[in-house]
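Here's the structure we're looking at; comments come further down.
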Amino acid sequence: MHRFSFISLCVVGLVVVLFSGETRTAEAVTCDLSELSPCLAAITSSKPPSSTCCSKLTEQKPCFCQYLRNPTMKQFVDTPKAKRIATTCSVEYPQC
């Protein structure tokens, strides 16, 4: 009986460790404005954003306020076209 409880406890512990590591990996985002390069065509023309662009916007959403605080990056992300693209992709534009 004690052996079964110990094994069960080890299995539960292993599952918790595996899933907690997976969550941390999924949350880690590298904030790099070049990651949004798939959106370049939508920004420089009247083309709608591609699905890749929308995926990258969603992925980079945690970085938006960082981009907006940087004067060099802000000129690219704080524009009417950038806001339109975010809306088209159903990505909420941040209020930082």
Next item on the list: Search all heavy atoms of Arg84 against all heavy atoms of Ala42 and return the closest pair with its distance.
Entry: NH2-O, 3.4 Å
Margin query: I'd like to know if the two cysteines, Cys89 and Cys54, have SG atoms within less than 2.5 Å.
Written below: yes
Next item on the list: For atom CD of Gln75, decide whether the heavy atoms of other residues, nucleotides or ligands shown that lie under 6.0 angstrom number more than 12.
Entry: yes
Check: Under the 3.5 angstrom rule, does the side chain of Tyr67 hit a backbone N or O of Asp32 as a donor-acceptor pair?
Finding: yes
Margin query: Return the CG to OH distance between Asp78 and Tyr93, rounded to the nearest 0.5 Å.
Written below: 4.0 Å
Next item on the list: Compare every heavy atom of Cys53 with every heavy atom of Ile85, then report the nearest pair and how far apart it is.
Entry: CG2-SG, 3.9 Å
Note to self: So does Glu35 get a backbone contact from the side chain of Lys56, meaning a donor-acceptor N/O pair under 3.5 Å?
What the structure shows: no
Notebook entry, point to check: When rounded to the nearest 0.5 angstrom, what distance separates CD in Gln60 from OG in Ser55?
Noted result: 12.0 Å
Item checked: Reported CG-to-CZ distance for the pair Leu68 and Phe76, which is rounded to 0.5 angstrom -> 13.0 Å
Notebook entry, point to check: Is Lys81 reaching over with its side chain to a backbone N or O of Ser45, donor-acceptor style, under 3.5 angstrom?
Noted result: yes
Notebook entry, point to check: At what distance, to the nearest 0.5 angstrom, does SG of Cys96 lie from NZ of Lys74?
Noted result: 9.5 Å
Checklist line | Which atom of Ser50 lies closest to which atom of Pro38, heavy atoms considered | finding: OG-O, 4.0 Å
Next item on the list: Going by the side chain to side chain contact (heavy atoms under 4.5 Å, CB included) test, name the single residue among Val91, Thr88, Leu57 that passes it with Pro49.
Entry: Thr88
Notebook entry, point to check: CG of Leu40 to OG of Ser34: how many Å apart, nearest 0.5 Å?
Noted result: 11.5 Å
Item checked: From OG1 (Thr72) to CG (Leu33), nearest 0.5 Å -> 10.0 Å
